[in-house]
Amino acid sequence: MTPKKYDHGKIEKKWQKEWASKKTYETSDSSDKPKFYILDMFPYPSGEGLHVGHPKGYIATDIVARMKRMQGFNVLHPMGFDAFGLPAENYAIKTKTNPSIAVAKNVARYKKQLEILGFDYDWSREVNTTDPKFYKWTQWIFLKLLEKGLAYESYEPINWCPSCKTGLANEDVEDGKCERCGTPVEKKPMRQWVLRITDYADRLLADLDKLEWPESIKESQRNWIGRSEGAELDFAIKGRAEKLTVFTTRPDTLFGVTYVVVAPEHAFVTELLKHKETLKNRDEVIKYVAQARVMTQIERTDAQKDKTGVKLDGIFAINPANGEEVPVYVADYVLAEYGTGAVMAVPKHDERDAAFSEKFNLPVLDRPFIDRTAVEKAGGKWVVKYKLKDWVFSRQRYWGEPFPVLHDGDKIVPVPEKDLPVELPKVKSYEPTGTGESPLADIKKWVNVNANDLHWTKGEKRPTEARMLKRETNTMPQWAGSSWYYLRYMDPKNNKALVDGAKEKYWNQVDFYVGGAEHATRHLIYARFWHKFLYDIGVVTTLEPFKKLQSVGLIMGEDGRKMSKRFGNVVNPDEIVGTFGADTMRVYEMFMGPFDQAISWNTNGMIGTRRFLERVWKLAERVDTKGQLSKETETLLHKTIKKISEDMAVLKHNTAVSSLMILSNAFEKEAVLPKAEFESFLKLLAPLAPHITEEIWRNLGNKKSIHISEWPVADESKLVDATVTIMVQVNGKVRGSFTAGKDATKEELEKIALGLDEVKKWVGDKTPDKIIVVPGKLVSLVVKL
RNA sequence: GCCGGAGUGGCGGAAUGGUAGACGCGCACGACUCAAAAUCGUGUAUCGAAAGGUGUGAGAGUUCAAGUCUCUCCUCCGGCACCA
C-alpha cells in the first residue's frame, strides 16, 4: 500500500541514490537502438551557484531524454563545465589562489545542485574545459588550424578593453563596449592570434538554411555574417601612380559620383602623409587622422553625430565611367575594416553621402543609372563582401588554454603533438599586465624551452637549429573549449584522439541542442566554424554540429528584472526543492509558459503544481486491478498519450502538463481506476516528475525503474470520441448545438440541425441559401433575412 | 533605417480557419471545523433583469465561419547598423 503522506524529501533522495548506484542512465556506445543525442549548453560554474532560472533548459532536455529513452532510443544526455575565463580568474586575483581550486569547488557545488533536481545525466562522461586531458584537444585543433593556414599572427589594431586588460574579438564587443564589464573598447595595435573564420563565411551562411533552428537565431547569424554583393571599381588618381579601389553595392549609380572618401586609416592617406609636398593641407589631415585614432568605437560609429572629414587638397580621383575628376576626402564615416576602406560618394542615392555633401557644400547630381555592361567596361569587378571579421583568438590573460606554439625569433614553431597538452603553469600573480603580455610571460622557467626536451617526430622535424625557444604567452579565449566540447562527450576518455571515428559516426551530430539565445552570434557561430573545419580535415563526418536548436527563455525575478544578486531577487533552487520538492519545481518551471519565452518567477504559482502532484499521489490509493474506465476517459487517455508524445518532443512542456492535469481530473471522477491505465498515465508524467512517479510505480509492485519502462502508444481505434458535439451556426453565429454519433453522415447532421428549436427560431420559414456541413464539427446555415 | 518575433480575462497562458479564454494562479460563495489552515464542491471575459449584444493592439479585406489568412497602421521584445 502507498504510504499516506507524500514526503518528497525522502522519496527524492531515495531514488536519486538508487538511479546512481544502478547506473540507470549510463549510455552505451554500441547499441542496436537508434541513437538520440540531446545536449544542454554547459554552464560556467560561477561562485554564486545556480538560481532557479539556470535549470529551466536542463529540465526541458531531461524530459525529452527520458521520454526518448522510454521510447527505445539510446540516449546521450551529458553534462560538463566550461570553466576557463574571467570570473574564475578575477576571483583568483582577489584571493591569490589558483583558479583551478575555485573551479573545482564551484563545479562540486553545481553538480550537487543539479543532482537534487533528479537529472538523468550520465556523469561518467562529464567534461571540463580546464582539464588538461580536455584542452589537449583544444590545443590539437589549434595546431591543425595553424597547419592549414587558418590561424595566423596579425598586428592590426584590435578591440582592447582597458579594464579587463585584454584584446577582444569583434563578437565580444556590444555597442562599442566590452561585453563582460561594459567599458568602452579602444583600438590598440598589437600582436595577436587570429582565426580565419571569414574563409568559412559563405558556408556558414548557406548551411543555415538546412538547420532546424529558431528563425530569430538564424537571422542573427545572417546579419552577423552580413553578406553583400557589389562591385569593386578603380578610381585612378590624377597625376599619381596609385589608384583608389572602392566597394559599392550600387555600381549602377556610378554617374552620380561627386567625390571619393577614404577611411582615416587607409593606406593611401598614410602614403600621402609620408611626403611633405603632396598635400596642401597636410597639417590639417594629420590632425584629423590622429583624432580618429584616439576615438573610442562608440564615439567613432555614432550615426547620430555630425559628419566630419577633411579634403585631401590637391588630390583628384577619376571616375572610370566618364573620366570626371572628383575631389577626395578623408572621413571617419568610412570604416577601414569593411569593403576596401574607400567609398564612392553618391549623395543622390545615399543618406550618409547626402549628409556629408550638405555639410561640406558639395553638389548632388541626379544622373541616369548605368547597366551591368557599362559597369564592367568601367573596370568593375563583381565581389561579395562580409561584415564578419576574422576571429581575434588571443587573450592577454592567465586563465585560458596556452597556445601550443613556440617562437624561434620571428619564426613560429608548433609544439610537437607528442608534447601536448601544454599545461598552464602555476604563477605567483594572476594580475593582467596590461602591456599586451599575459602574466605567463613572467615565468621564465616555463617560457624558455630547450628544443631538445621536446619530442620531435619525423613529420614535425624541428625546423630550427636554435636550442632555446620561447613559448607563446597569450592564452585562448573562453570560447575555445565550447567550440568543440559536444564532440568529446561521444568519447570523453580517449587519449589517442579527439573522438574515435566509429563513435563519431554512431553519435553523428547533436540532434537537439538547448540553451540561451545570447549565444547566437558567438558560441553558435564559433562552434559551427570549428565543426566545418573538423569536417574538412576528416575528424567529423557531419557538416553541422547541431541539427535542431531551441532557445530557453530567461526566468526573471519576481520583480520582472533579471535575476541577480545585485537586485536581491535571486531565488535559490535548493530552498524551493526543500520546501516543494524537485518534482514540483520541475513541473512548475515547465508549466510557467512557452519554453522560449522570458517569464517572471512566482513562488505562489508552485502551489498549483504541488497540488497536482498531491492529487496524483492520492489517486494511486484508488488503483484497482479490476474494472475499466468509462469510454469517455479511455478516449481522453489515448488522446493524451498522443498529445504528450508530440508536445514533449518539441519542448511544449507547458501544454503537456496541462493535458496531464486534465487527465488526472478525469481520473478523479472515475468510479474505478484500473491499474494498466493509471500506469500509462504515470509513464506520461514520469519525465516531468521522475521521483514521485518512480515511487508510485514501485509501490504498485513494479520491480524495474519506470524510467526504463516502455512509453505508452496511443491506440488509434480509441482516439475518437463515440459521440461528438456538433454546433450549429446561422449566418456565422453559433445558435445551438447537439450531440451526434461520430459517424453521422452529412445528411443526418443537416436534418437534425434544421429540426432544432433554437435554429428554427433564427431561420423561421425561410429556406437556407447555403448549408455547410463539416462532419464531426458543425453545421453552418446561410439564410437571407 | 533594415531584418526577425510577439500583442488574448485580475495574472501566467490555451486554442489543425469551426463553441475564444483549456489548464493553473487569484478571487467569491458553500461543505468540513469551536475556529482557522489544509482539503473538497460551485462559480468567475464583459454589457444586460432577460432575450440577446459585444469582445483576442487599431482599421480594412477574404470566407458560410477569422485570435488564426491578406493588407495598412500602432506598441513591445530581439538581432544588425555611418557596413557604402
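Letters A, B, ... mirror the listed sequences (proteins, then strands); counts begin at 1. Quick caveat: nothing in here was measured; it's all calculated off a predicted structure.
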Quick one: label [X] by what it contacts on the DNA or RNA (base, sugar-phosphate, nothing), any heavy atom closer than 4.0 Å.
{"X": "A:Val782", "result": "sugar-phosphate"}
{"X": "A:Leu335", "result": "base"}
{"X": "A:Asp769", "result": "nothing"}
{"X": "A:Ser658", "result": "base"}
{"X": "A:Thr655", "result": "sugar-phosphate"}
{"X": "A:Pro214", "result": "nothing"}
{"X": "A:Ser600", "result": "nothing"}
{"X": "A:Val261", "result": "nothing"}
{"X": "A:Leu660", "result": "nothing"}
{"X": "A:Lys385", "result": "nothing"}

[X], nearest nucleotide to its side chain (from [options]):
{"X": "A:Asn223", "options": "B:G18, B:G79, B:G13", "value": "B:G79"}
{"X": "A:Val343", "options": "B:U39, B:C80, B:A84", "value": "B:A84"}
{"X": "A:Ser216", "options": "B:G53, B:G4, B:C82", "value": "B:G4"}
{"X": "A:Trp762", "options": "B:G18, B:G53, B:C23", "value": "B:G53"}
{"X": "A:Ser780", "options": "B:A84, B:A20, B:C64", "value": "B:C64"}
{"X": "A:Phe247", "options": "B:C82, B:C23, B:A84", "value": "B:A84"}

Look at [X] and [N] and indicate whether a side-chain polar atom (N or O) is within less than 4.0 Å of OP1 or OP2.
{"X": "A:Asn604", "N": "B:C11", "result": "no"}
{"X": "A:Arg735", "N": "B:C64", "result": "no"}
{"X": "A:Lys761", "N": "B:G52", "result": "yes"}
{"X": "A:Tyr338", "N": "B:A84", "result": "yes"}
{"X": "A:Asn654", "N": "B:A14", "result": "yes"}
{"X": "A:Ser659", "N": "B:A22", "result": "no"}
{"X": "A:Arg611", "N": "B:U39", "result": "yes"}
{"X": "A:Lys387", "N": "B:C2", "result": "no"}

Rounded to whole angstrom units, what separation is found between the [atom1] atom of [X] and the [atom2] atom of [N]?
{"X": "A:Lys652", "N": "B:A22", "atom1": "NZ", "atom2": "P", "answer": "18 Å"}
{"X": "A:Phe612", "N": "B:U39", "atom1": "CZ", "atom2": "P", "answer": "15 Å"}
{"X": "A:Tyr386", "N": "B:A81", "atom1": "OH", "atom2": "P", "answer": "17 Å"}
{"X": "A:Arg615", "N": "B:A38", "atom1": "CZ", "atom2": "C1'", "answer": "13 Å"}
{"X": "A:Leu205", "N": "B:C3", "atom1": "CG", "atom2": "P", "answer": "17 Å"}
{"X": "A:Asp647", "N": "B:G13", "atom1": "CG", "atom2": "P", "answer": "17 Å"}
{"X": "A:Glu219", "N": "B:A81", "atom1": "CD", "atom2": "C1'", "answer": "14 Å"}
{"X": "A:Arg610", "N": "B:A38", "atom1": "CZ", "atom2": "C1'", "answer": "12 Å"}

Whether [X] and [Y] hold their rings parallel, tilted or perpendicular, with breakpoints at 30° and 60°:
{"X": "A:Trp391", "Y": "A:Tyr526", "result": "parallel"}
{"X": "A:Phe369", "Y": "A:His349", "result": "tilted"}
{"X": "A:Phe356", "Y": "A:Phe360", "result": "parallel"}

**Message:** Go through it in stages, so that I can follow the logic: the residues are A:Met344 and A:Phe235, the test is side chain to side chain contact (heavy atoms under 4.5 Å, CB included), and I'd like the CA-CA distance, side-chain angles, deciding distance and then a yes or no.
**Reply:** CA-CA 9 Å; A:Met344 62 180 220; A:Phe235 281 66; 3.9 Å; yes
**Prompt:** For RNA chain B, whose closest nucleotide is more 5', that of A:Lys770 or that of A:Asn602?
**Reply:** A:Asn602
**Request:** Nearest-nucleotide wise, let me know which of A:Ala342 and A:Thr725 is further upstream toward the 5' end of RNA chain B.
**Result:** A:Thr725
Suppose you measure atom [atom1] in [N] against the same atom in [M]; what distance do you get, rounded to whole Å?
{"N": "B:G55", "M": "B:A20", "atom1": "C1'", "answer": "9 Å"}
{"N": "B:U8", "M": "B:G1", "atom1": "P", "answer": "25 Å"}
{"N": "B:C73", "M": "B:G4", "atom1": "P", "answer": "15 Å"}

For [N], the Watson-Crick or wobble counterpart (both distances under 3.5 Å):
{"N": "B:A58", "result": "B:U72"}
{"N": "B:G48", "result": "none"}
{"N": "B:G4", "result": "B:C77"}
{"N": "B:C82", "result": "none"}
{"N": "B:G18", "result": "B:C64"}
{"N": "B:A31", "result": "B:U39"}
{"N": "B:C11", "result": "B:G24"}

**Request:** Answer with yes or no whether A:Lys777 presents, from its side chain, a donor or acceptor under 3.5 Å of a partner atom in the base of B:U16.
**Result:** yes
**Asked** With distance as the sole criterion, do the side chain of A:Glu351 and the base of B:G1 form a donor-acceptor contact below 3.5 Å?
**Response**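 Absent.
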Contact check, side chains of [X] and [Y], non-hydrogen atoms, under 4.5 Å:
{"X": "A:Val173", "Y": "A:Cys178", "value": "no"}
{"X": "A:Tyr259", "Y": "A:Val328", "value": "no"}
{"X": "A:Leu781", "Y": "A:Lys766", "value": "no"}

**Request:** Mind telling me if B:G9 is syn or anti? Syn here is a glycosidic angle within 90° of 0.
**Result:**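 Chi for B:G9 falls in the syn range.
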